[in-house]
Amino acid sequence: MDPLFEAAKAVREKAHAPYSNFPVGVALRTASGAVFAGANVENASFPEGWCAETSALGAMVAAGERELAEVWVVAEHHEPVTPCGGCRQRLAEFGRAGTVIVSAGPEGERARWTLAELLPAAFGLRP
Ligand code: THU
């Protein structure tokens, strides 16, 4: 199995999602080959929670990394789970048009897209 799948599945077990009961795990690989993972963190004041993608990106930035190579999202749903709109923009901050986002269930990969497919005509200020 892909190490990103394993990492995302493992961190999903750590999600704090008592309000939605929808735990999500994300693992990403950077251009240097490092892997970072994060889970969603919900809050009793519902809008204050954040997504697994945001947690994983925070860990990446805290480690001094900036270049996304590949991202895996693991969740259980009747359709492959895609990053929300806000997280697409956060991923675009560190990704490229061709950066691959893979959606998986607990059994493995279900779908994959490029960042440009998920967020066409993205706003960005990078050169
Ligand atoms: N969620 C994520 O963490 N990532 C996604 O890609 C989709 C949604 C979270 C947000 C919230 O904690 C829960 O899933 C239900 O929407």
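Start at 1 and go down the list; that is how both ligands and their atoms are numbered.
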Q.
Applying a heavy-atom cut-off of 4.0 Å, say which part of Thr82 lies close to ligand 1: side chain, backbone, both or neither.
A. backbone
Q. Among Pro18, Ser20, Pro23, whose heavy atom sits nearest atom 15 (C) of ligand 1?
A. Ser20
Q) Which is closest to atom 13 (C) of ligand 1 in terms of heavy atoms, His16, Arg12, Glu42? A) Glu42
I'd like to check [X] versus [Y] (side-chain heavy atoms, cut-off strictly below 4.5 Å). Are they in contact?
| X | Y | answer |
| --- | --- | --- |
| Met1 | Lys9 | no |
| Met60 | Leu68 | yes |
| Thr82 | Trp113 | yes |

To which protein heavy atom is [atom] closest, and what is the distance rounded to 0.1 Å?
| atom | result |
| --- | --- |
| atom 16 (O) of ligand 1 | Phe22 CD2, 4.6 Å |
| atom 10 (C) of ligand 1 | Cys51 SG, 3.9 Å |
| atom 1 (N) of ligand 1 | Val24 CG2, 3.7 Å |

Q.
Other members of the hydrophobic cluster containing Trp50, with the 4.5 Å side-chain heavy-atom rule, please.
A. Val41
Which atoms from ligand 1 have a heavy atom of [X] less than 4.0 Å away?
| X | result |
| --- | --- |
| Glu53 | 2 (C), 3 (O), 4 (N), 5 (C), 6 (O) |
| Ala52 | 2 (C), 3 (O) |
| Asn40 | 3 (O), 9 (C), 11 (C), 12 (O), 13 (C), 14 (O) |

Q: Could you point out which residue of Leu115, Ile101, Val102 forms a side chain to side chain contact (heavy atoms under 4.5 Å, CB included) with Val71?
A: Ile101
Q) For the side chain of Thr114 and the backbone of Glu117, is there at least one donor-acceptor N/O pair under 3.5 Å apart? A) yes
Q.
Using heavy atoms and a 4.0 Å limit, tell me yes or no: is Pro83 in contact with ligand 1?
A. yes
Q: Can you run down the ring pair (Phe, Tyr, Trp, His ring centres under 6.0 Å) pairs that involve residues 76-97, sequence neighbours left out, and say none if there aren't any?
A: Phe22-His77
